[in-house]
Amino acid sequence: MLSEKIKELFRQKGYISLTEEEKQDYINALIDLDIPLESTFADFNLATYGPTFSGRGNELYNVCWFKIYSDDLEYSIESAHKVLKLPEAYIPLDSFEAEGGFFYNRKTGEVLELELGQKLIDFQNGKLQPQWEDFNSFLEWYFEIT
């Protein structure tokens, strides 16, 4: 469940809710991506409409929007697994521009920030753990909510 701080931010920013038809399409996208519907990550994607959300100098994906309306998400997921050699549980939360980005673990709900180079090597060698243990704490950091 999204935290009250996040819900309030969404109300203030005017992020619109989905129609029932759109919501069903988004639910189907989450199921197709093997994301638990009871997760905070699912709540975020079902509570917002639009492709991206700005924060901390980059754009966070609404993965449902990208799954439905673009081929970019599938390409990004494939690249994350084949090129970066991330476990299958991880999906990208952004476009990995400037050789860095965020990844959501579909199994644990954790969020990982990676960059090419030492951070990626450390993660692959088990020396770097996800920086956020849940999606709410990541969103609060990302949107700079105190």
Side-chain angles (χ1 to χ4, degrees), residues 1-117 119-120 123-124 128-146:
M1 168 105 357
L2 289 172
S3 73
E4 288 305 316
K5 292 177 181 180
I6 298 297
K7 289 178 187 178
E8 180 58 30
L9 173 76
F10 288 178
R11 281 191 285 276
Q12 288 175 5
K13 288 195 174 269
Y15 294 154
I16 60 172
S17 350
L18 304 168
T19 66
E20 283 306 311
E21 182 181 330
E22 290 168 329
K23 187 172 184 176
Q24 190 56 56
D25 290 341
Y26 276 42
I27 288 170
N28 292 341
L30 290 167
I31 291 168
D32 195 38
L33 290 166
D34 197 27
I35 295 170
L37 296 179
E38 68 280 355
S39 68
T40 303
F41 186 71
D43 285 347
F44 167 74
N45 285 279
L46 291 171
T48 58
Y49 180 82
T52 61
F53 304 91
S54 297
R56 297 210 179 245
N58 60 342
E59 298 287 320
L60 185 68
Y61 285 168
N62 179 312
V63 297
C64 295
W65 190 96
F66 275 90
K67 176 76 174 152
I68 295 166
Y69 300 110
S70 171
D71 293 331
D72 290 350
L73 183 65
E74 291 302 320
Y75 174 76
S76 295
I77 291 171
E78 185 178 318
S79 293
H81 299 152
K82 289 184 179 178
V83 177
L84 300 177
K85 300 186 183 350
L86 297 183
E88 291 293 319
Y90 284 94
I91 62 169
L93 296 179
D94 59 23
S95 63
F96 205 72
E97 288 184 27
E99 300 179 342
F102 302 102
F103 297 87
Y104 175 73
N105 186 319
R106 297 178 268 200
K107 303 292 184 217
T108 66
E110 298 169 316
V111 179
L112 171 69
E113 181 181 19
L114 282 181
E115 297 169 358
L116 292 182
K119 263 190 173 179
L120 178 59
F123 179 73
Q124 291 169 338
L128 175 68
Q129 298 300 313
Q131 294 89 338
W132 297 273
E133 64 183 41
D134 61 70
F135 200 64
N136 270 319
S137 58
F138 168 72
L139 288 175
E140 289 176 13
W141 171 84
Y142 182 81
F143 290 115
E144 301 184 56
I145 299 172
T146 55

Could you tell me whether the side chain of Phe138 reaches within less than 4.5 Å of the side chain of Thr40, counting heavy atoms only?
-> no
Donor-acceptor contact below 3.5 Å, side chain His81 vs main chain Tyr90 | yes
Quick one: does Leu114's side chain get under 4.5 Å of Leu128's, heavy atoms only?
-> yes
Identify the two heavy atoms, one from Tyr26 and one from Thr48, that lie closest to each other, and give their separation to 0.1 Å.
-> CE2-O, 3.7 Å
Does atom OH of Tyr75 have more than 12 heavy-atom neighbours, drawn from other residues, nucleotides or ligands, at distances under 6.0 Å?
-> no
Could you tell me whether Lys23 atom NZ has more than 12 heavy atoms of other residues or ligands within 6.0 Å of it?
-> no
Indicate, with yes or no, if the rings of Tyr104 and Phe44 have centres closer together than 6.0 Å.
-> no
Answer yes or no: are there more than 12 heavy-atom neighbours, outside Lys13 itself, under 6.0 Å from its atom NZ?
-> no
Taking the six-membered ring for Trp and the full ring for Phe, Tyr or His, determine whether the centres of Tyr142 and Trp132 are under 6.0 Å apart.
-> no
Can you check whether Leu60 reaches Leu139 side chain to side chain, under 4.5 Å on heavy atoms?
-> yes
Where the side chain of Arg106 meets the backbone of Glu88, is there a donor-acceptor pair that is under 3.5 Å apart?
-> yes
Nearest-0.5 Å distance that lies between atom CZ in Phe103 and atom CD1 in Ile77 | 10.5 Å
Got a sec: does the CD of Gln124 have more than 12 other heavy atoms crowding it under 6.0 Å?
-> yes
Side-chain contact, heavy-atom cut-off 4.5 Å: Phe123 with Pro87?
-> yes
Going by heavy atoms in the side chains, are Trp141 and Val111 under 4.5 Å from each other?
-> no
Report yes if the side chains of Leu84 and Leu116 come closer than 4.5 Å at any heavy-atom pair, otherwise no.
-> yes
Between Asn105 (side chain) and Glu110 (backbone), is there a donor-acceptor pair under 3.5 Å?
-> no
Asn136 versus Glu140, side-chain donor and acceptor atoms under 3.5 Å | no
Counting only N and O atoms by type, is there a donor-acceptor contact under 3.5 Å from the side chain of Glu74 to the main-chain atoms of Asp71?
-> no
Is a side-chain donor-acceptor pair under 3.5 Å present for Glu97 with Ser95?
-> yes
Nearest atoms (heavy-atom pairs only) where Phe143 meets Ser54 | CE2-O, 3.5 Å
Glu59 backbone acceptor or donor facing Asp94 side chain under 3.5 Å | no
Report yes if some heavy atom in the side chain of Lys85 is under 4.5 Å from a heavy atom in the side chain of Leu120; otherwise report no.
-> no
Distance-minimising heavy-atom pair for Leu112 and Pro130 = CD1-CA, 3.9 Å
Heavy-atom check, side chain of Trp65 versus side chain of Thr52, under 4.5 Å | no
Tell me, with the steps shown, if Glu8 and Lys5 meet salt bridge (charged side-chain N to carboxylate O under 4.0 Å, His left out).
-> CA-CA 5 Å; Glu8 180 58 30; Lys5 292 177 181 180; over 6 Å; no
CZ of Phe10 to CZ of Phe53, rounded to nearest 0.5 Å, is 6.5 Å
Shortest non-hydrogen pair, Val63 vs Pro92, comes out as CG1-O, 4.0 Å
